[in-house]
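Please read these numbers as outputs of a predicted model, since none were measured by experiment. All values below come from the heavy atoms of this structure, side chains included, with hydrogens, waters and symmetry mates left out.
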Amino acid sequence: MAIETALKPASPGHRRTRHQNRSPVRKAGGRLWIKIAVTFLLVIEVYPLIWMLLTSLKSNSDYLNNSTWSLPTTWEWGNYTEAWTTGNIGLYVQNSLLAVVPALALILLLGTAAGFALQIMVWKGRSLTLLVFLAGMMVPPQMILLPLFTVYFQAGLSGTLWPLILTYTGTGLPLTVFMMATYYRTVPRELFEAATLDGAGILRAFWTISVPMVRNALLTVGLVQFFFIWNDLLIALTFTNSQDLRTIQVGLLNFTGDFGATQYGPLFAAICINVFGTLVIYLFLNQKVMKGLTSGAVKG
């Protein structure tokens, strides 16, 4: 009997009790590893920003003579003033805004209208048209720079910001049309059918029904395209032929002091203005972007 009792398997209730006793320990261990991984990723992301901010407050001799990981011996807050005035960062930011804002407005307007036409309206050849837009995503920008430079020069647009605006619009439309067409799939068709029965035309249905329903998608696509355009160097470097037309990325590339010497303090101050400015925009619109990304994932 003693042997039978020892070999008798544990009852289901007993196994359940042992499992319940282990569960909190396993959950705590899993949460601990998640916290460690998140902390590690946070350090990787935040530490370069802190290092860049501290470097922007160093003098040029401090940067060259001391360790790159050391704190500033003197806190040079004047580096930001020098970067904004002497380094012409204010002018470069203005040029970037003058090129990015019109291009972004055209991308969102044309891309939203094209997505509406490709998904909501019914007409022959819309599937082929969407494929043509998708084919535009496969064309490397490097292949079109020389032909575009020739066209802009012959059209008399060289020496202005119009080459940047038109090129940014053309290169940003394929992805925008694809994303907006995807978001329009989540909009119920019954809304447009009801609007048509009430006497609404295409333009009214587009502006009063479709645009408000995809506003989170517009914000998401607009923010993605904004970062693409704002951080562009290749196109801006190709079509800006004078210092007065340089965008902020081209300006940072040519950020030098007297006799061509690099002033590292003002340079890192200018980089901080660029990086933290765009970071604030993203943090402010972060929740809207998350809603826009999830709204296009499920068909409504």
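Under the 4.5 Å side-chain heavy-atom criterion for ILVMFWY residues, a single connected hydrophobic cluster contains both L279 and I50. Linking ILVMFWY residues whenever their side-chain heavy atoms come closer than 4.5 Å, directly or via other members, leaves L41 and V46 in distinct clusters. There is no path of hydrophobic side-chain contacts, each under 4.5 Å, that joins L197 to V122. A single hydrophobic cluster is seen to contain both M180 and L131, as judged by linkage of ILVMFWY side chains at heavy-atom distances under 4.5 Å, directly or through other members. Hydrophobic clustering, with ILVMFWY side chains joined whenever heavy atoms are under 4.5 angstrom apart, groups L145 together with M137.
Each side chain to side chain donor-acceptor pair (under 3.5 Å) pair with one or both residues in residues 118-134, not counting sequence neighbours, would appear here, but there are none. For residues 191-208, the set of pairs meeting the side chain to side chain donor-acceptor pair (under 3.5 Å) definition, not counting sequence neighbours, is empty.
Between Y282 and T278 there is no side-chain heavy-atom pair separated by less than 4.5 Å. Side-chain contact between Y264 and L64 is present, with at least one heavy-atom pair separated by less than 4.5 Å. Counting heavy atoms from C-beta outward, L175 and F133 have side chains that stay 4.5 Å or more apart. M179 places none of its side-chain heavy atoms less than 4.5 Å from the side chain of P174. The closest side-chain heavy-atom distance from Y183 to L218 is not below 4.5 Å. A heavy-atom distance below 4.5 Å is not found between the side chains of L110 and V177. Side-chain atoms of T171 and I229, non-hydrogen and from C-beta on, never get closer than 4.5 Å to each other.
Rounding to the nearest 0.5 Å gives a distance of 10.0 Å between OG1 of T169 and CG of L108. Atom CZ of F276 and atom CG of L283 lie 10.5 Å apart (nearest 0.5 Å). To the nearest 0.5 angstrom, L223 atom CG is 10.5 Å from F228 atom CZ. With rounding to the nearest 0.5 Å, the separation of CD1 in I120 from CG in L191 is 9.0 Å. Going from atom CH2 of W75 over to atom OG of S59 covers 12.5 Å, rounded to the nearest 0.5 Å. For the atom pair OG1 (T182) and CG (L118), the distance works out to 10.5 Å, reported to the nearest 0.5 Å.
At most 12 non-hydrogen atoms from other residues, nucleotides or ligands lie less than 6.0 angstrom from CZ of F153. More than 12 heavy atoms of other shown residues, nucleotides or ligands fall within 6.0 angstrom of atom OH in Y47.
Scanning all heavy atoms of the two residues, the minimum distance from Y168 to A103 falls at CB-CB, 3.7 Å. Here the closest non-hydrogen pair linking G111 and L173 is N-CD2, 3.7 Å. Pairing each heavy atom of S67 with each of K58, the nearest pair is O-NZ, 3.5 Å. Looking at every heavy atom in both residues, E45 comes nearest to P48 through O-CD, 3.6 Å. For the pair M52 and F268, the tightest heavy-atom approach, listed with the atom from each and the gap, is CG-CD2, 4.0 Å.
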Between S210 and Y184, does a side chain to side chain donor-acceptor pair (under 3.5 Å) hold up when you go through it step by step? CA-CA 8 Å; S210 70; Y184 269 117; 3.3 Å; yes
What donor-acceptor contacts under 3.5 angstrom involve side-chain atoms of residues 159-167, with partners at least two apart or in another chain?
residue: T160; atom: OG1; partner: L157; partner atom: O; Å: 2.6
residue: T160; atom: OG1; partner: W162; partner atom: N; Å: 3.4
residue: T167; atom: OG1; partner: Y152; partner atom: OH; Å: 2.9
residue: T167; atom: OG1; partner: P163; partner atom: O; Å: 2.6

Considering only distance and modelled atom types, tabulate donor-acceptor pairs under 3.5 Å from the side chains of residues 233-250, sequence neighbours left out.
residue: T238; atom: OG1; partner: L234; partner atom: O; Å: 2.8
residue: T240; atom: OG1; partner: A236; partner atom: O; Å: 2.4
residue: Q249; atom: NE2; partner: W230; partner atom: O; Å: 3.1

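A search for ring-ring contact (aromatic ring centres under 6.0 Å, His included) contacts involving F206 returns F116, not counting sequence neighbours. By the side chain to side chain contact (heavy atoms under 4.5 Å, CB included) test, V280 pairs with no residue at all, sequence neighbours left out.
Remark: the D62 side chain and the T73 side chain contain an N/O donor-acceptor pair separated by less than 3.5 Å. E76 and T74 are linked by a side-chain donor-acceptor pair at a separation below 3.5 angstrom, with hydrogens and angles left out of the test. For the 3.5 Å distance criterion, the side chains of Y63 and T55 fail to qualify, holding no donor opposite an acceptor.
Not a single donor-acceptor pair under 3.5 Å links the side chain of S70 to the backbone N or O of N66. Here the side chain of Q225 pairs no donor or acceptor atom with the backbone of I107 at under 3.5 angstrom. Proximity of a side-chain donor or acceptor of T86 to a complementary backbone N or O of A83 within less than 3.5 Å is not detected.
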